[in-house]
Amino acid sequence: MVQNCLKCLKYTMCMVNFLCFMCGTAVFGFGVFLMLNTKVSALIPTLSTLNLANTLFITGIIITCVSFLGFLGALKENRCLLITFFILLFILMLVELTVACLLLVYEKEIDRFLEKDLTESLGKSRELTKGGNSTKNTDDWDVIQVTFQCCGIHNTSDWKDKVPPSCCRESPCDPKKPVYWKAGCYNKLKVWFEENFLVTGVGVIVLCIIEVLGTCFSMTLFCHISRSGLGYKL
């Protein structure tokens, strides 16, 4: 009975880690795609290196490597791989908990930081486009304004006398009588985040449950293999 349970535990761990490996590969590939085809780092100059593409790229690598260790450790009944998988998963849980606590404690400071950085980014875009040149910043702002149907940070006046065509409600934009979006992108982004907060929270909870189960499964297999010496026979 115990052997059957351990077999089930072993193959369950292999299957879950294989699925996580495939998901990590997909996230990694999507990050590479964004790095090659999009430019959204200039919106937040201070965190330009931690844009969405780079974040997905690094996350994909981490998920792929950790899940591969778990899959191979369970399949080969290797104690070294299992304990490495346990330690890495435990560290990831601590990092996630630390980030969540920091976001809750410094919520207002982060809010002010983002607003200040967006203002600086828009100011640079406005200065660089006075001569009619297309820049990385304007490309980024065009994407945000078209996607969220907004204009500027708080309203159209943020662009002063150089309002980009992406602020227009109509396409193509009428240069004589342009009609712009009234809402600012900052409030639109906050509303979008609040509307998707529940989905994000559920996703984080599911991820934490998977990580806790992964640590329990890996330690259970590790302890049994340690007691049996060379491992159990199938």
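In this chain, residues are counted from 1 in sequence order.
L102 and V99 fall within the same hydrophobic cluster, defined by Ile, Leu, Val, Met, Phe, Trp and Tyr side-chain heavy atoms under 4.5 Å apart, directly or through other members. Criterion: ILVMFWY side-chain heavy atoms under 4.5 Å apart, direct or through other members. Under it, M22 and L19 are not part of a common hydrophobic cluster. V105 and I110 fall within the same hydrophobic cluster, where Ile, Leu, Val, Met, Phe, Trp and Tyr residues are linked whenever their side-chain heavy atoms come under 4.5 Å apart, directly or through other members. Under the 4.5 Å side-chain heavy-atom criterion for grouping Ile, Leu, Val, Met, Phe, Trp and Tyr, V16 is not connected to L92 through any hydrophobic cluster. Grouping the Ile, Leu, Val, Met, Phe, Trp and Tyr side chains by contacts below 4.5 angstrom, directly or via other members, places I63 apart from L72.
Taken to the nearest 0.5 Å, the CD1 atom of I87 stands 11.0 Å off from the CG atom of L82. Rounded to the nearest 0.5 Å, atoms SG (C168) and CD (Q145) are 10.0 Å apart. Rounding to the nearest 0.5 Å gives a distance of 14.0 Å between CZ of F222 and OG1 of T215. One distance of note links CE of M13 with OG of S67; it measures 10.5 Å at 0.5 Å rounding. Here CG of L118 is found 10.5 Å from CG of D158. Values are rounded to the nearest 0.5 Å. For the atom pair OG1 of T12 and NZ of K10, the computed distance is 12.0 Å after rounding to the nearest 0.5 Å.
Counted within 6.0 Å of CD on E107, heavy atoms from surrounding residues, nucleotides or ligands total 12 or fewer; the atom is thus considered open.
Shortest non-hydrogen contact noted between V212 and M93 is CG2-CE, 3.6 Å. Across every non-hydrogen atom of G214 and F85, the tightest pair is O-CE2, 3.7 Å. Of all non-hydrogen atoms in W159 and C167, the two that sit nearest each other are NE1-SG, 3.9 Å. Heavy-atom minimum distance, L75 versus C14: N-SG, 3.6 Å. The two residues K160 and V163 have their closest heavy-atom pair at O-CG2, 3.8 Å.
Ring orientation note: the planes of F68 and F21 are tilted relative to one another, at an angle of 30° to 60°. Taking the six-membered ring for Trp and thresholds of 30 and 60 degrees, F71 and F18 have ring planes inclined between 30 and 60 degrees apart.
Inter-residue side-chain proximity for S218 and L89 is flagged as unmet; no heavy-atom pair is nearer than 4.5 Å. Proximity of M219 to I83: side-chain heavy atoms (C-beta onward) are separated by under 4.5 Å at one or more points. N155 is not listed as a side-chain neighbour of K182, based on a closest heavy-atom distance of 4.5 Å or more. Between E96 and E211 the shortest side-chain heavy-atom distance falls below 4.5 Å. Side-chain contact check for D142 versus P164: some heavy-atom pair is nearer than 4.5 Å.
Less than 2.5 angstrom separates the SG atom of C185 from that of C150.
Side-chain N or O atoms of D117 include none that pairs as donor or acceptor with a backbone N or O of F113 at under 3.5 Å. Judged by distance alone, the side chain of N78 and the main-chain N or O of L81 form a donor-acceptor pair under 3.5 Å. One N or O on the side chain of T147 and one on the backbone of V143 form a donor-acceptor pair closer than 3.5 Å.
One side chain, H154 or E115, offers a donor N or O that lies under 3.5 Å from an acceptor on the other. Side-chain N/O atoms of Y186 and D111 include a donor and acceptor closer than 3.5 Å. At a cut-off of 3.5 Å, with distance as the only test, no side-chain donor of T156 or W181 sits close to an acceptor on the other residue.
Two rings, from F28 and F57, have their centers less than 6.0 Å apart.
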